[in-house]
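A quick note: this is a predicted structure, and the numbers were derived from the prediction, not measured.
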Amino acid sequence: MALTTSLDDLSVLLVEPSSMQANLVSRMLENQGVRQVSVVGNAQAALESLHKGHADRVVISSLYLPDILGTDLVTAMRRDPLLESVPFILVSSETRPQVLDPICQSGACIIVPKPFTEQQLSLALYAAADYLNPPEDLDLAEMEELRVLMVDDSLASRKHMRRLLSELGIERIIEAEDGRQAVALLQENTVDLVITDYNMPEMDGRELTEHIRTQSWQNAVPILMVTSEQNAGRLAAVERAGVSAMCDKPFEAGGIRRLISSALSRS
C-alpha cells in the first residue's frame, strides 16, 4: 500500500447514495486538503472501483447502502486479500453494539457519528493517514527482537493487528483464540508483550490478565488490552487485574504504536 504523509496525498473513495450528503462530505474533504475524491452510490460499485487499481484509497462509507450495509461492505473487503488492509471510515448515526461490532472487529476502521463536524471528519482522516504511515518513534532493531502473544477470538482482528505489528518490525508473533489457549502457550513460550482482547469465550481478557499476574511464571510481562467494551465497571475491573495499558476498538495505528512503546518502557 502506498505510504501517505499528509491529507494532500490521500485518495478517498466515498460510498454515499445521497447526492446531497455526498456533496456535503466532498466539500468537507476539499476543505481538509483532500484533492482526490471519487464518489459511488453503492457497495458493489465501491468494490469494483477498488479492484481497478485503486486499493490504496481510504474508503468513507455510509452505513445504509442500497445493496448491503456498510458493515457488510467492510466485511467483504476484509475477506479480500487485495482490500483487507484498506482503511475504512464508517459514517453512521447507529450506536447499537450488535450493529457496529463487525466494524470494531474488522481492523483499520474508524467510526464517525452522524451528524458530524468537519473536525471529527478531519480526525478520522488523520487516523487513516496514520495507519498508512510507517512508524517513526520505535527502534526497529528492538522491535525485531520482540516476542508477542496476541489473543483475540476474531480472526479479522488478529490479521489486522498482525499487519500493524509487522509494520513496526515485529514478526515473532504467536496467536491464541481465547484466554485458555493463551495460558497454555505462556507455559511453553517466553514472550515480551501480551496483546489481548477483552470479550472472548472460555476465558476473557480480564481473567487472562488475572491469571498472568497471579499464576504465570511470566507475571511481570506487559499486557496491552484492546477492547470495544464500554461498561465502566468492567473496565475498572480490568485495570485492577493489572493491565499495562488499554486501547479502544476500533483502534488507530498511531495509538497502538504509542501504547506499545509506553508499555515496554514501563516494563
*Taking S244 for its side chain and P222 for its backbone only, find out whether a donor-acceptor pair lies under 3.5 Å.*
no
*Give the intermediate values and the outcome of salt bridge (Lys or Arg N to Asp or Glu O under 4.0 Å) for residues E30 and R35.*
CA-CA 6 Å; E30 183 177 355; R35 299 290 176 258; 5.2 Å; no
*Checking E118 side chain against Q32 main chain: does a donor-acceptor pair fall under 3.5 Å?*
no
*Is the backbone N or O of E177 less than 3.5 Å from a side-chain atom of Q181, with the two atoms forming a donor-acceptor pair by type?*
yes
_side chain to side chain donor-acceptor pair (under 3.5 Å) evaluation trace for S166 with E171_ = CA-CA 6 Å; S166 180; E171 300 291 348; 2.8 Å; yes
*Tell me, yes or no, whether the heavy-atom count around R172 atom CZ, taken from other residues, nucleotides or ligands under 6.0 Å, exceeds 12.*
yes
*asked:* Distance check, rounded to the nearest 0.5 Å: L149 atom CG versus Q218 atom CD?
replied: 9.0 Å
_Nearest atoms (heavy-atom pairs only) where F88 meets V74_ = CG-CG2, 3.7 Å
*Is E84 salt-bridged to R79, going by a charged N under 4.0 Å from an acidic O?*
no
*Give the intermediate values and the outcome of side chain to side chain contact (heavy atoms under 4.5 Å, CB included) for residues L90 and L63.*
CA-CA 7 Å; L90 178 73; L63 174 61; 4.1 Å; yes
*State, yes or no, whether a side-chain contact exists between L73 and L65 at a heavy-atom distance under 4.5 Å.*
yes
*Flag if over 12 foreign heavy atoms under 6.0 Å of CD, Q119*: no
*Please test L83 against L47 for side chain to side chain contact (heavy atoms under 4.5 Å, CB included), starting from the C-alpha separation and ending with a verdict.*
CA-CA 9 Å; L83 308 178; L47 293 171; 4.0 Å; yes
*Should V151 and I195 count as side-chain neighbours, where that means a heavy-atom distance under 4.5 Å?*
no
*Please walk me through it: do R180 and E202 pass salt bridge (Lys or Arg N to Asp or Glu O under 4.0 Å)?*
CA-CA 7 Å; R180 292 195 184 279; E202 300 297 332; 3.5 Å; yes
*Does the side chain of N219 come within less than 4.5 Å of T214's, by heavy atoms?*
no
*Heavy atoms only: give me the nearest E175-L185 pair and the separation to one decimal.*
O-CD1, 3.4 Å
*Are any non-hydrogen side-chain atoms of R57 and V12 less than 4.5 angstrom apart?*
no
*Output, in order, the C-alpha distance, side-chain angles, deciding distance and verdict of salt bridge (Lys or Arg N to Asp or Glu O under 4.0 Å) for E210 and R206.*
CA-CA 6 Å; E210 289 180 343; R206 179 190 59 79; 3.0 Å; yes
*Which heavy atom in R78 sits nearest to a heavy atom in V86, and how many Å separate them?*
NH2-O, 2.8 Å
_I'd like to know whether R147 forms a salt bridge (Lys or Arg N to Asp or Glu O under 4.0 Å) with D192, so could you lay out the CA-CA distance, the side-chain angles of the two residues, the decisive distance to 0.1 Å, and finally the verdict._
CA-CA 5 Å; R147 297 160 297 187; D192 302 300; 3.0 Å; yes
_Looking at every non-hydrogen atom in both residues, tell me the closest pair between V40 and A45 and how far apart they are._
CB-CB, 3.8 Å
_Side chain to side chain, V39 and S26, heavy atoms closer than 4.5 Å_ = yes
*Is the side chain of D67 donor-acceptor paired with the backbone N or O of A43 at a distance under 3.5 Å, no angle test?*
yes
*Report yes or no: does R213 contribute a side-chain atom to a donor-acceptor pair with the main-chain N or O of L208 at less than 3.5 Å?*
no
*Between V148 and V191, does a side chain to side chain contact (heavy atoms under 4.5 Å, CB included) hold up when you go through it step by step?*
CA-CA 6 Å; V148 175; V191 300; over 6 Å; no
*Is the closest side-chain heavy-atom distance between V15 and I60 below 4.5 Å?*
no
_Taking D204's backbone N and O only, do any of them form a donor-acceptor pair with E207's side chain (distance below 3.5 Å, no angle check)?_
yes
*How long is the span from the CE atom in M150 to the NZ atom in K159, to the nearest 0.5 Å?*
11.5 Å
*Do D72 and L69 touch side chain to side chain, with heavy atoms closer than 4.5 Å?*
yes
*Do the side chains of S62 and V91 get nearer than 4.5 Å, heavy atoms only?*
no
_Minimum heavy-atom distance between Q120 and P115, given as atom pair plus value_ = OE1-O, 4.1 Å
_Which heavy atom of V34 sits nearest to which heavy atom of L10, and what is that distance?_
CG1-O, 3.9 Å
